[in-house]
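What you see is a predicted model; the values in this text were computed from it and never measured. Counting starts at 1 for both ligands and their atoms, following the listed order.
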Amino acid sequence: MKNTVSTLLKQKQSGDKITMLTAYDYTTAKIIDECGVNAILIGDSLGMVMLGYENTLPVTMEDMIHHTAAVSRGAENAFIVADMPFMSYQVSVQDAVVNAGRLIKEGGANAVKLEGGAEVCDRIRAIVNASIPVVAHLGLTPQSVNAFGGFKVQGKSLDKAKKLIEDAMKIQEAGACAVVLEGIPAKLADIITKKLFIPTIGIGAGNGCDGQVLVYQDMLGLTTGHTAKFVKRFAEVGAVMRQGISDYISETKSGVFPSEEHTYAVDDDVINELMKEC
Ligand code: KIV
């Protein structure tokens, strides 16, 4: 069954937790979709995990459309959400609507996601008026990394917590169909989740949210180096890949691969005739 804005809303109402994972390519999207995940996010995190940038800021509309289209071809039932990259919606309402439209028309997404609270409500309203569902994103919004002075947990002081609650109410009023809450205290996420009728999807926001989202490379153990506290590694796929690639190298060098099993045969008569001619 195809997941939609209505099925996600019903999940919140019935207490059935929403599962969302990132994907950036056809093959991974197909696997994630076949496992029954409710929603796939083509996050601008692709700048970091797929393209090797230090943060999400260099990601372009062309990058997002290219990867969104690949995911759309691989996913049948998941609700597909595409991130609006940095500077694709900040400058004007018109830019926001045009770029959101491109992610739907050219990328095949079902919804777009953009970061921010009160300051982006006019964008949310305009995109929703164009019949495009919008997922909002509050808290540790990575496109504001320079303004925050690093990737830091948000909403810890009374003022900041109150501002996040106000922002959540405003984006809902502007027409957002869901909101990602990233890097905020679990108890604050709990309060926001209870106040909103739209679903909250948490990442580093505790288990009181209506759903969870993770970057698939993080949760499958493909990333190395520093991992955020909120990341649980559900598998060690990186280790499995390293083992497989090492085996390929040693079997190729020793001649064990390719064996007969992986080789095409031909009639001896053909070879004998060929040999006569050579
Ligand atoms: O870009 C992304 O992957 C995201 C998630 C971390 C929510 O925005």
Would you mind listing which atoms of ligand 1 come within a distance below 4.0 Å of any non-hydrogen atom of [X]?
| X | answer |
| --- | --- |
| Thr22 | 3 (O) |
| Asp44 | 1 (O) |
| Gly43 | 1 (O), 2 (C), 3 (O) |

**Item:** Lys163 with Asp167: basic N within carboxylate O range, under 4.0 Å
**Value:** yes
**Asked** Taking distance alone, with no angle check, do Asp83 and ligand 1 share an N/O pair under 3.5 Å?
**Response** yes
**Item:** Backbone or side-chain N or O of Glu182 under 3.5 Å from ligand 1 N or O
**Value:**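 No; the residue has no nitrogen or oxygen that sits under 3.5 Å from a nitrogen or oxygen of the ligand.
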**Asked** Does even one non-hydrogen atom of Glu115 get within less than 4.0 Å of ligand 1?
**Response**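 It does not; every heavy atom stays at 4.0 Å or beyond.
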Closest protein heavy atom (residue, atom, distance) for [atom]:
| atom | result |
| --- | --- |
| atom 8 (O) of ligand 1 | Lys113 NZ, 2.9 Å |
| atom 4 (C) of ligand 1 | Leu41 CD2, 3.6 Å |
| atom 6 (C) of ligand 1 | Ile203 CD1, 3.6 Å |
| atom 3 (O) of ligand 1 | Ser45 OG, 2.5 Å |

**Complete:** Asp33 meets the salt bridge (charged side-chain N to carboxylate O under 4.0 Å, His left out) criterion, sequence neighbours left out, with none
**Item:** Same cluster (ILVMFWY, side-chain, under 4.5 Å), Val98 and Phe86
**Value:**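 No, no single cluster joins them.
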**Request:** Please report the C-alpha distance between Leu140 and Val153 in whole Å, then the side-chain angles of each, then the deciding distance to 0.1 Å, and finally whether the side chain to side chain contact (heavy atoms under 4.5 Å, CB included) criterion is met.
**Result:** CA-CA 6 Å; Leu140 199 184; Val153 175; 5.7 Å; no
**Item:** Student check: side-chain heavy atoms of Val91 and Met87 closer than 4.5 Å
**Value:**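 Val91 reaches Met87 side chain to side chain.
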**Message:** What I want to check is whether the side chains of Asp190 and Thr193 have a donor and an acceptor closer together than 3.5 Å.
**Reply:** no
**Message:** Is the ring pair Tyr24/His67 parallel, tilted or perpendicular, if the boundaries are 30 and 60 degrees?
**Reply:** perpendicular
